[in-house]
Amino acid sequence: MDTMIIGEKDGFLIRAANADDITDYYEQNYCPLDKEVARLTGCKETFSKEEVTSFFLKSLAESNRCFFLILSPDGKIIGETVLNEIDWDLRCANFRIGLYHMTERGKGIGTWATKVTCDYAFEHLKLHRLELDVYSFNPRAEKVYLKAGFKREGVLRDAIMDGNEYADVILMSILEDEWRELNG
């Protein structure tokens with residue numbers, strides 16, 4: 001199957017997900033899901049194969065979503081980037097990224113994947129705005145987003161729980177003119 005590649009660097013690859021990826025996506029990342037990934041993304045820690053398969057296939061079918069996989073040099077799926085909730089009239093979308101394994105964090109992969117996906121959103125999809133939210137207990141992710149040009153728009157104070165503690169949700173966005181200025 002011919003799959004669209006949006007980025008390559010040092011053997012890492014970002015490409016569109018396809019139905020043939022379902023088994024590897026589940027087995028390489030959800031058996032089990034890293035507890036810290038669940039915490040930082042706000043999802044539950046355990047998913048059945050049926051839940052993951054259903055979500056994966058639904059994600060591929062949605063016309064308001066671009067679903068990309070991040071692959072390591074050995075071809076293993078180590079993460080994803082997603083443009084979802086795309087509003088084609090307003091030319092805006094939500095951005096999210098997840099790296100599934102602690103061993104892949106702190107290497108610049110997330111920074112690179114964020115930039116590549118933003119480039120795709122503004123260059124190819126011709127979007128005007130990308131937005132995201134990040135939890136206050138995830139300063140590493142906020143730093144990546146700031147480096148990519150996202151700006152803080154606001155804070156939803158004590159909007160979620162981190163264990164037994166309240167935490168903030170930080171709202172961020174980048175506009176096409178800001179992205180152009182960074183990529184001059």
Side-chain angles (χ1 to χ4, degrees), residues 3-18 21 24-26 28-30 33-45 47 52 55-56 58-60 62 64-73 76-86 92-125 127 129-153 160 162 167 169-176 178-179 182-183:
T3 303
M4 176 180 52
I5 296 171
I6 66 166
E8 293 181 76
K9 179 182 176 185
D10 301 330
F12 290 90
L13 187 74
I14 303 173
R15 66 163 174 81
N18 64 64
D21 296 315
D24 288 344
Y25 180 80
Y26 175 73
Q28 294 172 8
N29 301 299
Y30 287 88
L33 180 63
D34 182 291
K35 289 181 185 299
E36 189 68 359
V37 169
R39 176 178 171 256
L40 296 177
T41 60
C43 71
K44 63 184 187 175
E45 291 183 12
F47 291 88
V52 174
F55 173 78
F56 192 95
K58 180 181 172 218
S59 295
L60 293 177
E62 290 180 344
N64 67 342
R65 178 186 300 257
C66 295
F67 180 17
F68 302 106
L69 299 176
I70 305 168
L71 283 76
S72 64
K76 183 178 177 185
I77 299 168
I78 60 167
E80 65 185 58
T81 66
V82 179
L83 300 168
N84 61 351
E85 302 172 16
I86 300 171
C92 66
N94 178 269
F95 169 77
R96 69 179 177 79
I97 182 172
L99 290 177
Y100 295 117
H101 308 280
M102 290 297 288
T103 56
E104 303 302 336
R105 295 189 203 125
K107 298 179 178 179
I109 298 166
T111 299
W112 167 71
T114 298
K115 181 187 180 331
V116 167
T117 307
C118 288
D119 291 350
Y120 181 82
F122 291 116
E123 286 178 4
H124 299 284
L125 298 182
L127 295 182
R129 171 188 165 88
L130 284 181
E131 61 190 35
L132 61 85
D133 54 71
V134 61
Y135 301 145
S136 57
F137 53 83
N138 193 355
R140 176 182 281 171
E142 184 180 7
K143 184 177 177 184
V144 166
Y145 303 140
L146 289 167
K147 191 173 181 180
F150 284 84
K151 297 187 182 334
R152 270 183 171 227
E153 291 191 324
I160 58 162
D162 181 28
V169 176
I170 301 163
L171 308 175
M172 303 180 80
S173 72
I174 183 172
L175 304 177
E176 65 182 314
E178 295 165 340
W179 171 81
L182 283 173
N183 292 282

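As the structure is a computational prediction, the values presented were derived from the model and not from experiment.
- Atom OG1 in T111 sits 5.0 Å away from atom NZ in K147 (nearest 0.5 Å).
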Checklist line | Test log, rule side chain to side chain contact (heavy atoms under 4.5 Å, CB included), inputs R65 and V82 | finding: CA-CA 7 Å; R65 178 186 300 257; V82 179; 3.7 Å; yes
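- Between the side chain of D24 and the main chain of D21, no donor-acceptor pair closer than 3.5 Å is present.
- Taken to the nearest 0.5 Å, the CG atom of L127 stands 12.5 Å off from the CZ atom of F95.
- Using a cutoff of 4.0 Å between basic side-chain nitrogens and carboxylate oxygens, D10 and K107 are not scored as salt-bridged.
- No side-chain donor-acceptor contact under 3.5 Å links D119 and H124.
- Within the 4.5 Å cutoff, side-chain heavy atoms of V37 are placed close to those of R105.
- How far OH of Y135 is from CD1 of I160: 4.5 Å, rounded to the nearest 0.5 Å.
- Heavy-atom minimum distance, I86 versus A93: CG1-CB, 3.7 Å.
- Contact check for L33 versus E45: no side-chain heavy atoms found under the 4.5 Å cut-off.
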Margin query: Assess the residue pair T117 and I6 against the criterion (side chain to side chain contact (heavy atoms under 4.5 Å, CB included)); give the C-alpha distance rounded to whole Å, side-chain angles, the decisive distance to 0.1 Å, and a yes or no.
Written below: CA-CA 8 Å; T117 307; I6 66 166; 4.3 Å; yes
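- The line from CZ of F68 to CD1 of I97 is 12.0 Å long, rounded to the nearest 0.5 Å.
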Checklist line | Derivation and outcome, side chain to side chain contact (heavy atoms under 4.5 Å, CB included), residues I174 and F122 | finding: CA-CA 10 Å; I174 183 172; F122 291 116; 3.9 Å; yes
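- No side-chain heavy atom of V134 sits less than 4.5 Å from a side-chain heavy atom of F150.
- Taking 4.5 Å as the limit, every side-chain heavy atom of K115 sits out of range of all side-chain heavy atoms of L182.
- Using a 4.5 Å cut-off on side-chain heavy atoms (C-beta onward), N138 and I170 make no contact.
- For the atom pair E131 CD and M172 CE, the distance stands at 12.5 Å (nearest 0.5 Å).
- In this structure, Y25 and Y30 have tilted ring planes: the angle between them lies in the 30° to 60° band.
- The salt bridge (charged side-chain N to carboxylate O under 4.0 Å, His left out) test with R129 singles out one residue from E176, E153, E85, E178, and that residue is E153.
- Within 6.0 Å of atom NZ in K35, 12 or fewer heavy atoms from other residues, nucleotides or ligands are found, so the atom counts as exposed in its surroundings.
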Item checked: Stepwise side chain to side chain contact (heavy atoms under 4.5 Å, CB included) check, K76 with Y100 -> CA-CA 11 Å; K76 183 178 177 185; Y100 295 117; over 6 Å; no
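- With respect to the salt-bridge test (charged N to carboxylate O, under 4.0 angstrom), the residues R96 and E80 qualify.
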Next item on the list: Show your working on ring-ring contact (aromatic ring centres under 6.0 Å, His included) between F47 and Y26 and close with a plain yes or no.
Entry: CA-CA 9 Å; F47 291 88; Y26 175 73; 9.2 Å; no
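- For the pair I5/T3, no side-chain contact is recorded, criterion being any heavy-atom separation below 4.5 Å from C-beta on.
- Residues W112 and G7 approach most closely at CZ2-C, 3.7 Å, considering heavy atoms.
- Residue I109 holds its CD1 atom at 10.5 Å from NE2 of H101, rounded to the nearest 0.5 Å.
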